[in-house]
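Values below: every heavy atom of this structure, side chains too, minus hydrogens, waters and symmetry copies. Whatever order the structure lists them in is the order used to number ligands and atoms, beginning at 1.
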Amino acid sequence: MSMTNKELADIFTLVAQLLEIKGEVIYKTLAYRRAAESITGLGRDINDIWKQGGQKALLEIPGVGKAIAEKIDELLTTGNLEYLEKVKKEVPGELATLLSIPDLGPKKVRMLHKELGILTIEQLKAAAEAGKLRDLAGMGVKSEAKILSGIEALGRRSGRLPLGDVLPFALEQRDWIRKLPGVKAAELGGSLRRMRSTVGDIDLLVGAKDPAKVIAAYISAPNVARVMNQGTVKSSVEYHNGMRSQLWVHQPERYGTALQYATGSKDHNVKLREMALDIDLSLSDQSFERKDGSELLCATEEEVYKVLGMPYIPPEIRENSGEIQAALAGKLPKLIEEKHIKAELHAHTTWSDGELSVLELAQEAKKRGYKILAITDHSPSIGLVNGLTFERLKEQRKEIDKVRKKMGEDLLILQGAEVEIKADATLDYPDEVLEWLDIVVASLHVSVRQPRAQVTERLVAAIRNPHVDIIGHPTNRQLPDREGADLDMDVVLKAAAETGTALEINANPRRLDLDDVQARRAIEMGIKLSINCDTHTADYLDWLHFGVATARRGWVTPADVINTWTPKQLQAWLKS
Ligand code: DGT
Ligand code: CA
Ligand code: ZN
């Protein structure tokens with residue numbers, strides 16, 4: 001039996017889900033989840049490991065113990081798993097699909113099945129529409145409506161993956177290709193190169209003298225599960241982790257047109273093609289072709305744009321949303337870069353739910369070249385994160401003062417807070433406390449699904465508080481599929497523009513909130529932005545480039561972002 005890593009992992013995930021619905025103890029279900037995760041991320045074909053070393057070799061895989069190894073062996077030998085069949089006798093397999101509905105957990109699924117015999121999403125939808133759920137134990141009109149909107153959200157699911165999930169793996173593939181013999185250049189293309197917040201697939205663009213050799217290596221790489229298409233220019237594969245890529249190989253002297261084409265966006269390309277036709281050239285991934293059939297080759301993207309009378313356009317803004325007109329007019333924005341960021345203004349320490357002490361965080365910030373760090377631990381009401389009372393804030397100040405002495409002039413440390421915007425639109429600290437702090441980030445984490453007018457009013461109230469400096473992750477969306485609060489952005493942006501409150505671009509690749517389009521609207525209205533990693537561990541700081549890329553997609557320049565300022569400039573702004 002041949003099974004990909006992903007297919008194998010999916011079976012273990014299903015086992016875990018059914019056991020959870022059954023109400024099995026957590027450590028048992030966790031074992032299956034851990035195995036699924038480990039097999040997905042393995043980076044090589046599990047069939048090879050098994051063929052070479054049998055069950056024993058499988059034990060070397062992290063998260064795979066004896067019981068799981070036996071089950072992998074059974075699956076790869078027979079294609080079946082007796083244990084799964086046994087579990088399915090107690091918990092119908094269909095029930096697992098109900099778990100894909102947002103906010104519907106295993107306990108509720110079990111109850112819905114037990115009380116109403118519900119097996120499928122269609123049955124659940126019908127029952128909810130008929131008002132049959134509201135009278136069940138622990139349910140009500142509200143939770144019934146929530147299930148219905150969850151089912152709707154499911155229908156809108158995109159199948160796209162968050163940029164942050166794909167980019168590290170995609171870069172590994174690119175770097176692997178760069179090392180192949182005869183490869184002159186290789187780059188990511190498509191939505192990944194444009195740094196869209198979610199991506200459909202991985203595009204790889206290669207310049208090489210002998211394309212056939214590169215394609216042969218590409219389709220037989222150890223982490224490839226399936227070859228989907230094999231051509232002379234374009235081939236595509238599915239990897240064992242379930243991700244897909246397409247590879248285009250061109251002669252090095254055609255690399256510029258090829259990379260430009262593969263980067264897109266499609267709308268941007270269509271526009272360039274039209275412009276080329278206006279000067280009697282036909283632009284393709286191969287070249288500019290003249291009317292007489294002769295070709296004009298471009299080895300670099302710069303040359304492509306030059307032929308069309310334009311300077312180079314950065315990939316992040318190639319969306320046909322004004323960049324071509326701006327380029328022609330010599331008015332492309334000088335986009336922000338990672339090196340411009342000198343401050344992290346949203347960071348958590350061990351005082352709330354962060355992993356680093358104030359000193360460790362300060363040292364990490366300095367190591368990365370930051371000049372300013374704001375400690376912004378949570379306020380108390382959010383729960384589970386050990387939010388700080390005013391008493392504890394005062395204690396924390398003593399520690400911060402010590403660290404300030406230690407760091408000296410190298411790093412300006414601000415004591416702030418991430419204050420919760422509560423469901424009733426009040427802030428979680430009284431004004432005296434907010435005023436006492438050096439900097440205030442206000443965010444919403446709870447009751448995000450309030451009706452539009454209410455949640456908008458809530459955010460506006462926080463924006464209008466004179467002590468609030470930055471609104472953290474304004475919509476609270478989660479990529480790929482959890483939508484943010486239903487905010488009236490016009491109203492929010494207007495309030496921020498009026499009060500001079502900065503809006504965050506949260507760099508966490510699951511957030512990227514504000515998004516690119518909102519960021520562009522904000523700066524057009526003169527609103528300042530703040531790009532932050534929302535640091536909880538040192539690794540979070542590695543996400544900065546995602547935040548910067550989102551800003552670049554929104555045409556943001558260094559002057560729009562308060563994190564680019566000197567300590568003096570920032571302090572003056574905080575006072576004003
Ligand atoms: P994705 O994968 O859905 O996140 O989005 P992209 O932008 O990566 O699009 P994809 O993977 O379908 O195609 C990769 C690039 O190929 C795309 O960015 C531009 C180029 N391309 C695709 N289809 C067309 C087309 O019909 N005309 C032109 N001019 N270019 C195209
Ligand atoms: Ca793509
Ligand atoms: Zn935070």
Provide, to 0.1 Å, the distance between [atom] and the closest protein heavy atom, together with that atom's residue and name.
atom                    : result
atom 29 (N) of ligand 1 : N269 CB, 3.3 Å
atom 8 (O) of ligand 1  : S191 N, 2.8 Å
atom 20 (C) of ligand 1 : Y261 O, 3.3 Å
atom 15 (C) of ligand 1 : A262 O, 3.2 Å

- Would you call the rings of H536 and H378 parallel, tilted or perpendicular, where under 30° means parallel and over 60° means perpendicular?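 It falls in the tilted class, 30° to 60°.
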
- Does any N or O atom in R160 lie less than 3.5 angstrom from one in ligand 1, N or O only?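 Such a contact does occur with ligand 1.
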
- Pick, from K266, Q246, R194, the option with the minimum heavy-atom distance to atom 7 (O) of ligand 1.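 Of the listed residues, R194 has the closest heavy atom.
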
- Message: So, 2.8 Å as the limit: is an N/O/S atom of H348 located closer than that to the Zn ion (ligand 3)?
- Response: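 It does; at least one qualifying atom falls short of 2.8 Å.
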
- Query: Out of E323, E316, E319, which residue meets the salt bridge (charged side-chain N to carboxylate O under 4.0 Å, His left out) rule with R194?
  - Reply: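 With R194 as partner, E323, E316, E319 yield a single salt bridge (charged side-chain N to carboxylate O under 4.0 Å, His left out), made by E319.
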
- Query: When you look for heavy atoms under 4.0 Å from ligand 1, do you find them on the side chain of D201, its backbone, both, or neither?
  - Reply: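 The part of D201 near ligand 1 is both the backbone and the side chain.
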
- Looking only at heavy atoms, is any part of L192 under 4.0 Å from ligand 1, and if so is it the side chain, the backbone, or both, or is it neither?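 L192 to ligand 1: no contact under 4.0 Å from either part.
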
- Item | Angle subtended at the Zn ion (ligand 3) by OD1 of D534 and NE2 of H346, nearest 10° |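 Vertex at the Zn ion (ligand 3): approximately 80°.
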
